[in-house]
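Chain identifiers are assigned alphabetically (A, B, ...) following the order of the sequence lines, protein sequences preceding nucleic acid strands; residue numbering begins at 1 within each chain. When reading the values below, keep in mind they use all heavy atoms of this one structure, side chains included, and skip hydrogens, waters and symmetry mates.
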Amino acid sequence: MSTAESSKPVNFIHQIVEKDLQQGTHDGRVVTRFPPEPNGYLHIGHAKSICLNFGTAEKYQGACNLRFDDTNPEKESQEYIDSIIRDVNWLGYQWQGEVRYTSDYFQQLHDWAVYLIEQGKAYVCDLSPEQAKEYRGNFTTPGRNSPFRDRSVEENLALFARMKNGEFAEGSCSLRAKIDMQSPNMNLRDPMIYRIMHTRHHQTGDQWCIYPMYDFAHGQSDAIEGVTHSICTLEFEDHRPLYEWFIENLPVPCAPKQYEFSRLELNYTITSKRRLKQLVDEAHVAGWDDPRMPTISGLRRRGYTPAALREFCDRVGVTRSNGVVDMGMLEAAIRDDLDKTAPRAMCVVRPIKVTLTNYPADQQEWFELPNHPKDETMGQRQVPFSANLLIEEEDFAEEPPRKWKRLAPGEAVRLRGAYVITCNEVIKDAEGNVVELKCSYDPDTKGSNPEGYKPNGVIHWVCAQHSVPCEVREYDRLFTVENPAGDKERDFLECINPDSLVVLNNSRCEIGLQGAAVESRFQFERTGYFAVDADSTAEKLVFNRTVTLRDSWK
RNA sequence: UGGGGUAUAGCCAAGCGGUAAGGCAACGGGUUUUGAUCCCGUCAUGCGGAGGUUCGAAUCCUCCUACCCCAGCCA
């Protein structure tokens with residue numbers, strides 16, 4: 001097979017980069033940037049952008065900057081900055097140099113605004129927000145020129161200086177680029193480039209009371225940093241002509257190019273910052289890092305690995321078409337990773353007592369089980385065994401359905417890594433609930449099956465005394481419908497899955513898990529992948545179910 | 001409604017004029033002391049629709065349709 005046949009397809013952004021490299025555009029440099037506004041926590045959609053930007057730099061020996069697009073201090077905070085830095089780091093990417101802020105460039109941006117005024121390409125407009133809206137026109141009606149459009153350079157310079165000096169109230173005037181009020185592209189109808197905002201900024205304090213708009217800040221910041229490929233999402237497509245207008249009309253050091261790709265959309269969840277914030281603020285979840293949240297920090301706490309998230313982004317691909325990715329793809333990615341890397345252990349989530357009537361009551365033995373069925377480098381572990389055991393409630397059925405491969409009256413199953421047992425007696429409480437199973441074990445089945453004998457199933461178990469009490473949090477998808485935010489009739493909050501979290505307090509895991517580190521991950525055999533939650537204490541381990549095992553039993 | 005985009009299987013996605021990759025899901029079968037993993041197989045005479053160009057079209061042309069984005073002093 002040739003390398004061409006075996007190599008993975010190259011996404012359209014990478015095709016552009018390769019062509020640029022080939023033609024020597026941007027002097028052969030590849031510089032990207034991940035530019036979040038610090039107004040919320042990063043979510044799975046951002047992961048796609050992070051992977052694309054950092055991944056592109058990595059692939060082509062370029063560099064990627066981390067820049068906070070902090071032009072609107074009203075919505076931003078240091079908490080968000082800290083969380084974003086943490087999340088990008090956790091995903092395993094390293095940015096070039098220091099973390100950058102658009103606010104680092106406020107002076108330069110201001111000077112360029114002055115430059116535009118001097119060139120007669122920007123003016124101070126006294127139209128109120130309402131009037132400006134009216135003058136802008138709409139899709140079918142062209143806009144009209146502002147009555148302040150033809151102020152002299154001198155007047156504009158003076159007015160802009162007074163804006164900057166805090167002489168005007170918010171909303172009383174703004175600086176606008178003089179482009180084309182008739183343009184079919186609304187972004188070109190004399191866009192606002194500076195507004196007055198008497199708000200303290202988390203980085204620059206009270207230094208400024210005028211702040212640049214996104215359009216005026218973004219491209220120029222890219223240029224300042226020497227960005228070559230400015231990758232953003234599709235909704236900024238209409239902004240590209242404006243992005244280019246500023247680059248062409250300002251004495252910027254280089255000419256970055258903007259490219260757009262489609263946002264990641266996942267079913268059974270939401271990625272709107274507004275709604276995620278609402279879930280947190282109204283306490284529908286425990287916080288931004290609640291394991292049910294599609295945030296990076298939530299996924300991390302849920303037990304997802306950076307490798308799985310990166311693999312997922314890779315599998316999803318990069319295109320310009322809007323689609324909705326199935327949650328199953330995300331789950332497949334984490335299963336693939338954890339199957340290879342997570343040590344196995346046994347944990348009985350919903351215990352039911354099993355007493356071995358023919359096993360000496362005072363006897364105890366230890367079995368040696370592999371930590372991984374295929375990877376012997378992961379070593380072995382010791383698991384204690386005695387006459388008093390615990391098995392999973394759902395592994396016993398008084399009246400087993402067809403093809404049942406678990407325990408039932410009169411039937412035998414293997415206790416994983418130990419003996420084959422047979423259920424002889426079912427003990428119930430006053431309400432008729434099964435509370436204990438009296439079983440007998442077969443000493444000849446220790447470790448392996450005798451000649452010609454094979455029980456029809458294998459179940460997990462734990463020693464009643466020598467096991468560790470723990471709390472298990474079974475997480476499921478947060479919403480019951482594919483597109484929670486897509487229903488005009490029903491608020492997304494009404495679509496929250498009432499069973500998205502089930503807490504079990506009587507679970508017991510094998511002794512070796514005692515003291516397991518927060519964030520360590522395990523496969524609880526036959527039940528799923530679990531990660532140790534930060535809520536764990538010395539007295540009680542808390543496990544989060546990351547994802548169940550695939551279950552093909554119907 | 002003016003402008004800008006996008007349509008390939010249930011979902012994501014390759015393809016760039018030479019006869020429809022791959023992944024997820026699903027469905028069969030094999031191995032298995034996890035109903036897991038792993039392995040093998042099936043899954044688009046078809047590329048939003050209709051015309052056209054061509055020996056040959058998912059790829060080029062024309063028209064049509066559907067969906068997404070834009071009328072913040074948000075990003």
Side-chain angles (χ1 to χ4, degrees), chain A residues 5 8-11 15 35-37 39 69-72 74-76 125 127-129 132-133 136-143 170-176 183-189 191-197 210-211 213-215 217-218 232-241 260 262 264 267 273 312 314-333 335-336 339-340 344 346 369 372-374 403-406 413-418 420 445 447-449 454-455 457-460 523-529 548-554:
Chain A
E5 281 167 338
K8 287 197 294 182
V10 174
N11 71 49
Q15 289 183 19
E37 183 191 14
N39 65 348
D69 211 356
D70 55 350
T71 55
N72 185 0
E74 281 178 355
K75 293 185 173 176
E76 304 159 4
C125 179
L127 250 25
S128 69
K133 180 181 168 70
R136 189 157 41 233
N138 54 43
F139 295 151
T140 48
T141 319
E170 290 186 11
S172 62
C173 60
S174 64
L175 186 69
R176 296 228 250 163
S183 175
N185 182 342
M186 302 296 287
N187 296 117
L188 265 21
R189 319 248 262 227
M192 227 129 269
I193 60 182
Y194 260 96
R195 79 282 218 182
I196 297 168
M197 203 182 266
I210 55 171
Y211 293 98
M213 299 289 290
Y214 163 85
D215 287 303
H218 207 92
C232 62
T233 42
L234 242 23
E235 68 269 25
F236 292 102
E237 205 171 0
D238 291 342
H239 294 241
R240 196 188 331 132
E260 312 86 19
S262 64
L264 171 66
N267 63 10
K273 263 186 198 172
F312 169 71
D314 203 52
R315 290 181 188 181
V316 161
V318 179
T319 68
R320 288 172 63 83
S321 66
N322 290 98
V324 180
V325 175
D326 196 295
M327 182 64 89
M329 260 212 225
L330 217 206
E331 295 171 345
R335 284 194 186 106
D336 282 356
D339 174 58
K340 292 181 189 68
R344 309 291 126 118
M346 292 192 286
L369 273 64
H372 193 283
K374 291 186 166 176
K403 294 190 173 180
W404 185 249
K405 290 173 69 174
R406 308 176 188 184
V413 286
R414 170 170 290 284
L415 294 179
R416 167 129 250 230
V420 171
T445 59
S448 61
N449 293 318
K454 190 177 179 182
V458 180
I459 64 174
H460 58 282
Q523 183 200 91
F524 288 165
E525 290 189 296
R526 306 203 316 127
T527 44
Y529 294 99
T548 61
L549 254 35
R550 275 187 70 219
D551 186 2
S552 61
W553 182 51
K554 53 269 176 219

Problem set entry | Main-chain N/O of E260(A) paired to R320(A) side chain as donor or acceptor, under 3.5 Å | yes

For this session: Round to the nearest Å and state the distance from R240(A) atom CZ to rG5(B) atom P.
Result: 7 Å

Exercise. What is the distance from CG of L188(A) to P of rG4(B), rounded to the nearest Å?
Worked result: 12 Å

Exercise. Which parts of nucleotides 64-75 of chain B does protein reach within less than 4.0 Å, heavy atoms only, written one letter per nucleotide 5' to 3' as B for base, S for sugar-phosphate only and - for none?
Worked result: ----SBBBSBSB

Exercise. How is G417(A) classified with respect to the nucleic acid when contacts are heavy atoms under 4.0 Å: base, sugar-phosphate, or nothing?
Worked result: base

Seminar exercise, completed: Nearest-nucleotide check on RNA chain B, E525(A) vs E237(A); residue mapping nearer the 5' end is E237(A)

Problem set entry | Approximate separation, where rounding is to 0.5 Å, of R189(A) CZ and R176(A) CZ | 11.0 Å

Problem set entry | Separation of the P atoms in rG5(B) and rU53(B), to the nearest angstrom | 29 Å

Problem set entry | Donor-acceptor contact present, side-chain N322(A) to main-chain S262(A), <3.5 Å | no

Problem set entry | R240(A) with D215(A): basic N within carboxylate O range, under 4.0 Å | no

For this session: Mind calculating the distance between CZ (R335(A)) and C1' (rU34(B)) to the nearest angstrom?
Result: 14 Å

Exercise. Atom CG of L549(A) to atom P of rU37(B): distance rounded to whole Å?
Worked result: 7 Å

For this session: Go through the N and O atoms of the side chain of R526(A) and the base of rG35(B), and report whether any donor-acceptor pair is under 3.5 Å.
Result: no

Exercise. Heavy atoms under 4.0 Å, any strand shown: does V420(A) hit a base, just sugar-phosphate, or nothing?
Worked result: nothing

Exercise. When we call it a touch if two heavy atoms are under 4.0 Å apart, what does R189(A) touch: a base, just sugar-phosphate, or nothing?
Worked result: nothing

Exercise. If you measure from the C1' atom in rG49(B) to the same atom in rA71(B), how many Å do you get, rounded?
Worked result: 32 Å

Exercise. NA contact type, V318(A), heavy-atom cut-off 4.0 Å: base, sugar-phosphate, or nothing?
Worked result: sugar-phosphate

For this session: Considering only atom P, compute the distance from rG3(B) to rA25(B) and round it to an integer number of Å.
Result: 44 Å

Exercise. Hey, does the side chain of T319(A) come within less than 4.0 Å of rA13(B)'s phosphate (OP1/OP2), counting only N and O?
Worked result: yes

For this session: Let me know the distance between CD1 of I459(A) and C1' of rU34(B), rounded to the nearest Å.
Result: 12 Å

Exercise. When you compare rC47(B) with rU19(B), how far apart are their C1' atoms, in angstrom units rounded to a whole number?
Worked result: 13 Å

Exercise. Counting N and O atoms only, with roles assigned by atom type, does the side chain of T445(A) sit under 3.5 Å from a partner on the main chain of V420(A), one being a donor and the other an acceptor?
Worked result: yes

Exercise. Below 4.0 angstrom from OP1 or OP2 of rA26(B), is there any side-chain N or O of R550(A)?
Worked result: yes

Exercise. Which part of the nucleic acid, if any, lies within contact of P142(A), taking any heavy atom under 4.0 Å across all strands shown: a base, the sugar-phosphate backbone alone, or nothing?
Worked result: nothing

For this session: Spell out protein contact along nucleotides 16-22 of chain B as letters: B when the base is contacted, S when just the sugar-phosphate is, - when no protein heavy atom is under 4.0 Å; keep the 5' to 3' order.
Result: B----B-

Seminar exercise, completed: Between K340(A) and R344(A) the two heavy atoms that sit nearest each other are N-NH2, 4.5 Å

For this session: Determine the Euclidean distance between corresponding P atoms of rA58(B) and rG17(B); express it in Å to zero decimal places.
Result: 13 Å

Seminar exercise, completed: For Y194(A) and M213(A) the tightest heavy-atom approach is N-CG, 4.2 Å

For this session: Report which part of the nucleic acid R320(A) touches: base, sugar-phosphate, or nothing (heavy-atom distance under 4.0 Å, all strands).
Result: sugar-phosphate

Exercise. So which heavy atom on E76(A) is nearest to which on T71(A), and how close?
Worked result: OE2-N, 3.5 Å

For this session: Using a 3.5 Å limit on both pairing distances, list the dot-bracket string of RNA chain B from the 5' end; Watson-Crick and G-U wobble pairs count, crossing pairs take [ ], interstrand pairs take |.
Result: .(((((((.[[[..)..(...]]].(((((.......))))).....[[[[[..)....]]]]])))))).....

Exercise. With R195(A), which of N72(A), L175(A), I210(A) fulfils side-chain contact (heavy atoms from CB on, under 4.5 Å)?
Worked result: N72(A)

Seminar exercise, completed: H460(A) NE2 to rU32(B) P, in whole Å, measures 23 Å

Problem set entry | Between rA20(B) and rG48(B) - P atom distance, rounded Å | 16 Å

Exercise. Relative to the ring of Y214(A), is the ring of H218(A) parallel (under 30°), tilted (30 to 60°) or perpendicular (over 60°)?
Worked result: tilted

Exercise. Roughly, in whole Å, what's the span from CD in E331(A) to C1' in rC12(B)?
Worked result: 15 Å

Seminar exercise, completed: For I196(A) and E170(A) the tightest heavy-atom approach is O-CG, 3.5 Å

Problem set entry | Main-chain N/O of L369(A) paired to R416(A) side chain as donor or acceptor, under 3.5 Å | no

Exercise. Where does rG72(B) land, syn or anti, given syn is within 90° of 0?
Worked result: syn

Exercise. Expressed as a whole number of Å, how far does the P atom of rU34(B) sit from that of rC24(B)?
Worked result: 22 Å

Exercise. Considering only the P atoms, how many Å lie between rG46(B) and rU59(B), rounded to the nearest integer?
Worked result: 15 Å

Seminar exercise, completed: Separation of rU32(B) atom C1' from D339(A) atom CG, nearest Å, is 13 Å

Exercise. To the nearest 0.5 Å, how far apart are SG in C232(A) and CD in E237(A)?
Worked result: 9.0 Å

For this session: Please answer whether the main-chain N or O of P191(A) pairs with a side-chain N or O of R136(A) as donor and acceptor at a distance below 3.5 Å.
Result: no

Exercise. Less than 3.5 Å between a donor and an acceptor, one on the side chain of R344(A) and one on the base of rU34(B), is that the case here?
Worked result: yes

Exercise. Quick one: which of rG5(B), rC11(B), rU34(B) gets closest to the side chain of M329(A)?
Worked result: rC11(B)

